[in-house]
2 protein chains.
Amino acid sequence: MNAKGKILIADDEPDIVEIIRYNLTKEGYEIVTANNGDDAIQKAKLSQPDLIILDIMMPRKNGVEVCEILRAQPAFKDTVIVFLTALSDESSHVKGLETGADDYISKPVSPKILVSRIHAIFRRINKEPEEKVIKIDNLEIDPVKFEAKVDSKAVVLAKKEFELLYLLASKPGRVFLRNEILNQIWGNDVIVGDRTIDVHIRKIRQKLGIDCITTVKGVGYKFTM
Amino acid sequence: MNAKGKILIADDEPDIVEIIRYNLTKEGYEIVTANNGDDAIQKAKLSQPDLIILDIMMPRKNGVEVCEILRAQPAFKDTVIVFLTALSDESSHVKGLETGADDYISKPVSPKILVSRIHAIFRRINKEPEEKVIKIDNLEIDPVKFEAKVDSKAVVLAKKEFELLYLLASKPGRVFLRNEILNQIWGNDVIVGDRTIDVHIRKIRQKLGIDCITTVKGVGYKFTM
DNA sequence: ATATTGAGTTCACAATTTCTTAATATATCG
DNA sequence: CGATATATTAAGAAATTGTGAACTCAATAT
């Protein structure tokens with residue numbers, strides 16, 4: 001079976017490991033475990049997990065050290081690392097952020113929170129999700145062929161137009177703020193004028209000839225059929 | 001409203017406030033500001049932010065004092081508080097964390113670090129409870145789609161109307177003071193006349209066609225079904 | 001080397017919607 | 001009943017989006 005993702009759990013307390021393993025396995029993740037710092041590094045290299053959960057307090061290199069060592073390697077530059085922190089150990093939060101951890105989970109571990117947090121992280125990881133063909137009524141959007149069809153008739157869209165349409169249509173009904181759109185399509189640091197989005201929206205509406213993008217004044221745009 | 005989260009910034013240096021406001025607004029956060037300690041406490045109570053950024057050095061109660069006062073109140077037990085510290089003031093880091101702050105950011109503020117830190121904090125908060133569809137009887141309010149439904153029939157609300165309805169419906173039965181409403185929907189630095197709220201309330205009642213907002217004379221409004 | 005093309009952006013202004021105000025009517029409470 | 005608060009209405013202000021045209025910049029064709 002195709003696992004949702006591979007997760008490495010490193011903690012020296014077997015109980016904790018088991019709680020986490022049980023809950024995440026149940027959710028369809030593939031689990032690898034380690035019980036000390038050196039082991040964690042070893043296993044990480046071998047199994048190349050998508051996500052690593054590191055206990056801060058571990059024998060033979062603590063979590064922060066492991067994180068630093070892994071982060072120094074190109075292979076783990078983009079791996080998501082999450083710390084397990086005891087509640088008492090407040091200051092390590094700060095330290096962790098600087099070291100390059102992406103999130104924290106506090107002990108004692110609540111299975112419900114754990115699972116939702118992990119889900120959220122994987123959602124975030126998959127920012128370039130499966131390029132899937134979207135079909136809604138008589139509209140078809142194929143990100144692989146980079147083409148849109150209305151009533152099986154191809155419509156030629158420019159790159160930005162296509163990206164914009166695909167973004168909106170990927171979550172029909174959901175309102176995308178102008179800011180969100182800018183971040184997703186143009187990127188965080190690109191600055192374009194206020195009217196640029198409108199112009200692209202217009203082009204899409206024009207070219208498709210169907211009314212599938214609704215303006216939510218003062219908020220953004222949403223896809224609706 | 002469709003904001004990712006609400007942040008209160010308290011600092012007596014307008015420049016700093018503006019830098020932070022600009023960068024976080026761009027990221028889709030809703031910003032409320034204060035320029036001294038007392039003001040910060042006031043604004044915190046009124047607007048109930050998810051995160052509070054406190055400058056340590058402020059007139060009329062410094063950041064640590066503000067933090068202590070807020071932390072003593074149940075409403076702010078779980079609010080994330082972050083200190084702004086001058087680099088010189090090393091010792092206050094420790095003090096701050098002891099007081100119950102969750103993190104600190106050093107001045108001068110680097111926008112990039114600021115943003116990533118705030119993002120990380122919000123990921124940690126896991127603020128799922130917000131941004132949730134509200135369903136009460138035959139009324140449905142979906143903040144993601146920015147749409148309200150009565151008997152499964154969509155009702156088009158303007159931005160302010162929607163925000164207002166969502167606010168009231170988020171805590172059915174609870175009375176919202178006019179002041180609270182102003183701070184939550186308009187923000188603390190916007191001044192609008194007394195009758196403005198009434199007009200929006202009226203529009204909501206009119207558009208929904210159902211009687212779900214009750215006037216509490218001399219106090220405010222509440223949602224009731 | 002020069003023209004052509006088209007995507008992407010910007011601009012000025014028009015069109016539209018939303019928000020606020022002001023004025024008046026109505027309701028409520030002691 | 002009288003004082004105060006809210007409801008209602010219409011109209012003008014303010015804000016936001018739509019639009020046509022022009023401009024920049026590459027890539028491509030001539």
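Every heavy atom of this structure was used, including side-chain atoms; hydrogens, water molecules and symmetry mates were not. Chain naming here is simple, since letters A, B, ... match the order of the sequence lines and numbering starts at 1 in each. Since this is a predicted model, take the numbers as computed values, not measurements.
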I'd like a list of close polar pairs between nucleotides 18-21 of chain D and the protein, N/O only, cut-off under 3.5 Å.
from: D/dG18; atom 1: OP1; to: A/R205; atom 2: NH2; distance (Å): 2.4
from: D/dG18; atom 1: OP1; to: A/T215; atom 2: OG1; distance (Å): 2.8
from: D/dG18; atom 1: OP2; to: A/Y221; atom 2: OH; distance (Å): 2.6
from: D/dG20; atom 1: N7; to: A/R202; atom 2: NH1; distance (Å): 3.0
from: D/dG20; atom 1: N7; to: A/R202; atom 2: NH2; distance (Å): 3.1

Output one line per pair: protein atom, nucleotide atom from nucleotides 5-8 of chain C, and distance, for all N/O pairs under 3.5 Å.
from: C/dG8; atom 1: OP1; to: A/K160; atom 2: N; distance (Å): 3.4
from: C/dG8; atom 1: OP2; to: A/K160; atom 2: N; distance (Å): 3.4

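Taking atom CG on A/D211 and atom P on D/dT17, their separation rounds to 17 Å, with Å as the unit. Atom C1' of nucleotide C/dC19 and atom CD1 of B/I204 are separated by 13 Å, given to the nearest angstrom. For the pair A/L164 CG and C/dT9 P, the computed distance is 11 Å after rounding to whole Å. Atom CD1 in A/I185 sits about 11 Å away from atom P in C/dT9, given to the nearest Å. Look at CG on B/D194: it is 14 Å from P on D/dT4, rounded to the nearest Å. Per the geometry, CD1 belonging to A/I181 stands 13 Å off P belonging to C/dT9, to the nearest Å.
Under the rule for a ring pair (Phe, Tyr, Trp, His ring centres under 6.0 Å), the partners of A/F162 that lie at least two apart in sequence or sit in another chain are A/F146. Residues satisfying the side chain to side chain donor-acceptor pair (under 3.5 Å) criterion with B/Q184, sequence neighbours excluded, are B/K6. Partners of B/Q48 under the side chain to side chain donor-acceptor pair (under 3.5 Å) rule, at least two apart in sequence or in another chain, do not exist in this structure.
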* To do: Please lay out, stage by stage, how B/V82 and B/L54 fare under the test side chain to side chain contact (heavy atoms under 4.5 Å, CB included).
  => CA-CA 6 Å; B/V82 174; B/L54 288 176; over 6 Å; no

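Listed by first then second residue, pairs satisfying ring-ring contact (aromatic ring centres under 6.0 Å, His included) with a partner in residues 189-219 of chain B read B/W186-B/H200, not counting sequence neighbours. For residues 216-225 of chain A, the pairs satisfying side-chain hydrogen bond (donor to acceptor under 3.5 Å, both in side chains) are A/T214-A/T224, with sequence neighbours left out. A salt bridge (Lys or Arg N to Asp or Glu O under 4.0 Å) check over residues 159-170 of chain A, counting only residues at least two apart or in different chains, returns the pairs A/E161-A/K207. Applying the salt bridge (Lys or Arg N to Asp or Glu O under 4.0 Å) rule to pairs touching residues 166-188 of chain B yields B/R174-B/E180, B/R178-B/D198, sequence neighbours excluded.
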